[in-house]
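First listed ligand is number 1; within each ligand, the first listed atom is number 1. The first residue of the sequence shown is numbered 1, and numbering continues consecutively from there.
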Amino acid sequence: MNIQYFEDYNVMSKKAADIVASEIKARETMVLGLPTGSTPLGMYSNLIDMNKAGKIDFSKITTFNLDEYYPIKRNHPQSYYKFMFDNFFCGINIVAENINIPNGEVDDAILESMEYEKKLESAGGLDLMVLGLGPNGHIGFNEPNDSLVSGTHVATLTQSTIEANRRFFNSIDEVPTLALTMGMGSILKAKKILMLASGKNKSEIFKKILEEKIETVNPSSFLHLHRDVIVLTDIEV
Ligand code: F6R
């Protein structure tokens, strides 16, 4: 795990965008895994600027988002689908058909999970997976647990995540209790992983990561099993 520390969130975000840009430039086509959340916003804004300035081209890039609430309408203000279009896809020259986000509108969530995993495999797998770090060590909706599911699956949100997400909804009853998420196995199959860890509320879990133990109670610790992980952080330890 190659960990790089930054004093400033903006400098960290620029570095993240530079890493994504150099991966894009290194190949003709690319399969890119993407997260939502507040952490990657700076990176997205830098990538939009680079695309507008003609420095990178997204026209041959295929994206797979990490997760989505279930059930949720795509046009719901809090859907990850809407988040991605509002904060990233609207600003770049990506081809709409190349965007993949788990569909929170389907009737059969298990089938959707299986098909999403298959689609990812038939696209050739992820060249680069960008991740955020949850305050309890969650990655996507892979929450701390006795065991973790390897592939894309339907996950039950923990009470702490429901409460953390409550601020985005009108009431706690509106927060979806399920989600569709890539599993840690889907993520670890990526050729390269870039994790962004930002925010004081993550310093405890970040210290845990530094212990290099693999624990299902800290899904992010599984990243130690991958041979090419870059972590960019503004967390002081
Ligand atoms: C995002 C996701 C989550 C977030 C994590 C950190 O798709 O699945 O794992 O990366 O909750 O969120 P922020 O960046 O808001 O602190």
Around atom 16 (O) of ligand 1, find the nearest protein heavy atom and jot down its residue, atom name and distance. K202 NZ, 2.6 Å
Mind checking whether F89 and F85 have parallel, tilted or perpendicular rings, split at 30° and 60°? perpendicular
State, yes or no, whether a side-chain contact exists between N142 and H153 at a heavy-atom distance under 4.5 Å. yes
Ignoring hydrogens, just give me the one of S198, G33, S38 whose non-hydrogen atom is nearest atom 15 (O) of ligand 1. S38
Could you check atom 1 (C) of ligand 1 against the protein and tell me its nearest heavy-atom contact, residue, atom and distance included? T36 OG1, 3.2 Å
Check contact between G140 and ligand 1, using heavy atoms of the residue and a distance below 4.0 angstrom. yes
For F88, which residues count as a ring-ring contact (aromatic ring centres under 6.0 Å, His included) partner, sequence neighbours excluded? Y44, F58
So, regarding Y80 and ligand 1 (criterion: nitrogen or oxygen to nitrogen or oxygen, under 3.5 Å), is there a contact or not? no
Taking non-hydrogen atoms only, is L133 closer than 4.0 angstrom to ligand 1 via side chain, backbone, both or neither? backbone
Give me the nearest non-hydrogen protein atom to atom 10 (O) of ligand 1 as residue plus atom name, then the distance to 0.1 Å. G132 CA, 3.4 Å
Considering only NZ, NE, NH1 and NH2 on the basic side and carboxylate oxygens on the acidic side, decide whether R27 and E23 come within less than 4.0 Å. yes
E163/R166 salt bridge by N-O under 4.0 Å criterion: no
Can you name the atoms of ligand 1, numbered from 1 with element, that are less than 4.0 Å from a heavy atom of P35? 7 (O)
Please identify which of these residues, K202, E204, E143, meets the side-chain hydrogen bond (donor to acceptor under 3.5 Å, both in side chains) condition with N136. E143
Measure L66 to ligand 1 on non-hydrogen atoms and call it side chain, backbone, both or neither using the 4.0 Å cut-off. side chain
Nearest to atom 14 (O) of ligand 1, what protein heavy atom do you find, and at what distance? T39 OG1, 2.5 Å
E68/R74 salt bridge by N-O under 4.0 Å criterion: no
Kindly assign one of parallel, tilted or perpendicular to the pair H76 and F169, based on the angle between their ring planes and the thresholds 30° and 60°. tilted
Pull out every atom of ligand 1 sitting under 4.0 Å from any heavy atom of G37, numbered as shown with elements. 14 (O), 15 (O)
Any idea which heavy atoms bring D234 and S198 closest together, and the distance? OD2-OG, 2.9 Å
When you measure from atom 2 (C) of ligand 1 to every protein heavy atom, which one gives the shortest distance, and what is it? D67 OD2, 3.4 Å
May I ask you to identify the nearest protein heavy atom to atom 3 (C) of ligand 1, giving residue, atom name and distance to one decimal place in Å? H138 NE2, 3.9 Å
